[in-house]
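Since the structure comes first, as structure tokens, the remarks are kept for the end.
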Amino acid sequence: MSDAPALLPVEEARARILGLCTPLPPEWVPMDDALGRALAEDVLARRTLPPWDNSAMDGYAVRTADLLGPLPIRLTVGETVFAGKLPVREVVPGTCARIMTGAPLPSGADAVVMRERTRPVPEAPDTVDILEAPGPGQFIRPRGEDAREGDVLLRRGTPLGIPELGLLWAQGMASVPVPRRPRVAVLSTGDELCRVDEPPGGRIVDTNAPALALAVRRAGGVPTLLGIARDTPEAVREALARADGFDVVLTSAGVSVGDHDFVKDALEALGVAQHFWRVAIKPGKPLVVGQRGAALFLGLPGNPTSSLVTFELFVRPALRRLLGLEDVEPARVSGRLEGRLSKAPGLAHFVRVMATWRAGELWAKPLGTQTSGALRSASAATHLLHFPREHSSLTDGSHVELIPLSWVA
Ligand code: AMP
Ligand code: MG
């Protein structure tokens with residue numbers, strides 16, 4: 001297979017994978033389950049909120065026309081309006097109302113003076129001295145500031161964070177429409193693998209499947225473990241045949257050029273159309289991508305770090321697209337390299353780094369070992385440093401692009 005087509009650049013590989021993904025059909029879910037997901041439809045406001053002009057301060061609701069002369073000006077206090085109560089009196093000239101934050105503004109008043117800008121009058125407790133002349137509208141939260149009945153409150157594709165859920169709760173909503181969660185099958189392949197609860201007997205524990213399952217769940221998908229397939233074409237085919245009904249099928253290992261790498265052949269035998277194989281990155285080069293019906297097949301490399309890096313660069317964006325999120329590319333922040341890096345041009349390297357803030361900048365220090373097989377090199381990583389394909393060296397202090405990792409605790 002050494003005459004395989006040129007390796008795809010990482011951005012192109014991601015764009016091609018995203019091109020195979022469209023948001024899944026919507027379902028109505030309770031708000032608690034909507035956090036981090038995207039709205040499947042525009043949501044219109046059913047209620048105008050706040051329902052009335054109300055006070056932004058504890059203080060006095062006044063008529064600004066009463067306060068144009070020399071200060072202080074003494075006003076008669078007509079009533080006290082608490083939040084949760086409706087005012088009963090109009091504020092007529094020469095009077096005001098004591099008012100608490102969130103309480104509806106009485107008619108006649110057109111501004112609020114905060115309590116700190118007033119002085120009690122001990123000899124006349126039903127009056128107050130006002131120490132400032134407010135402009136009209138001061139400290140009034142207008143009716144409809146948060147929402148107006150019939151307006152689009154939140155658009156389709158909006159990620160539902162905590163404030164967005166708050167807006168929907170305020171509308172009296174208890175559930176929302178969001179694309180359903182992607183169902184993701186996870187299969188490990190390799191004769192050398194055993195489950196964590198088996199005596200190893202010369203084998204190593206399958207860490208990829210449980211790690212990928214956690215990454216899937218953290219990205220918003222629902223993982224199902226398909227177990228471990230032995231390194232025979234039949235075993236891999238049989239295991240993959242059990243992956244019907246999933247939106248995404250993730251395999252790990254068996255996608256390189258070794259004699260026992262059967263995943264590509266098995267996919268082909270099951271009628272999965274191969275879209276591409278191999279990306280110009282390290283770690284993670286042998287990624288294979290295929291599709292059958294609407295199901296996306298992603299054959300990740302076997303090395304534990306490679307499988308996690310390819311998850312971050314390709315699988316997580318795909319899951320986010322299926323979840324209807326618009327912002328699916330890996331996040332990026334800029335930082336500085338602490339130390340030096342060199343490599344041959346040709347592959348983009350994603351270097352595991354630990355980044356810390358110093359003097360207003362994010363300094364990224366490459367971790368000791370960078371081999372794909374060593375999970376240890378990923379264990380303290382906070383970011384992946386993008387060492388571009390065409391570059392061969394990065395000097396100390398270079399400005400670099402960093403991808404925050406979703407793996408971190
Ligand atoms: P392969 O792509 O099959 O050549 O595997 C590459 C490397 O990853 C080998 O050293 C495997 O032992 C290791 N490996 C493959 N699958 C797993 C797994 N599920 N958990 C841990 N290590 C794995
Ligand atoms: Mg193998």
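Each ligand, and each atom within it, is numbered from 1 in the order the structure gives. The chain is numbered in sequence order, starting from 1.
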- Arg181 with Asp33: basic N within carboxylate O range, under 4.0 Å: yes
- Could you tell me whether Asp126 and Arg98 have a side-chain N and a carboxylate O separated by less than 4.0 Å? no
- Note on the structure: Tightest non-hydrogen contact, residues Pro23 and Pro179, listed as CB-CG, 4.3 Å
- For ligand 1, the portion of Ala253 having any non-hydrogen atom under 4.0 Å away: both
- Note on the structure: Within the 4.0 Å heavy-atom cut-off, what Ile228 brings close to ligand 1 is neither
Return yes if some donor-acceptor pair links the side-chain N/O of [X] with the main-chain N/O of [Y] below 3.5 Å, else return no.
X      : Y      : value
Glu79  : Val88  : yes
Ser55  : Met57  : yes
Glu164 : Gly161 : yes

- N/O to N/O below 3.5 Å, does that happen between Gly254 and ligand 1? yes
Would you mind checking which non-hydrogen protein atom is closest to [atom], with the distance to 0.1 Å?
atom                    : value
atom 12 (O) of ligand 1 : Glu192 OE2, 2.6 Å
atom 19 (N) of ligand 1 : Asp206 OD1, 2.8 Å
atom 10 (O) of ligand 1 : Asn303 OD1, 4.1 Å
atom 4 (O) of ligand 1  : Asp261 OD1, 4.3 Å
atom 17 (C) of ligand 1 : Asn208 ND2, 3.3 Å

At less than 4.0 angstrom from any non-hydrogen atom of [X], what atoms of ligand 1 do you find?
X      : result
Ser188 : 19 (N)
Thr207 : 20 (N), 21 (C)
Ile204 : 12 (O), 22 (N)

- Would you call the rings of Phe350 and His386 parallel, tilted or perpendicular, where under 30° means parallel and over 60° means perpendicular? parallel
- Among Gly302, Gly299, Pro286, closest by any non-hydrogen atom to atom 13 (C) of ligand 1: Gly302
- Calculate, to the nearest 0.5 Å, the distance between atoms OG1 and NZ belonging to Thr251 and Lys264 respectively. 11.5 Å
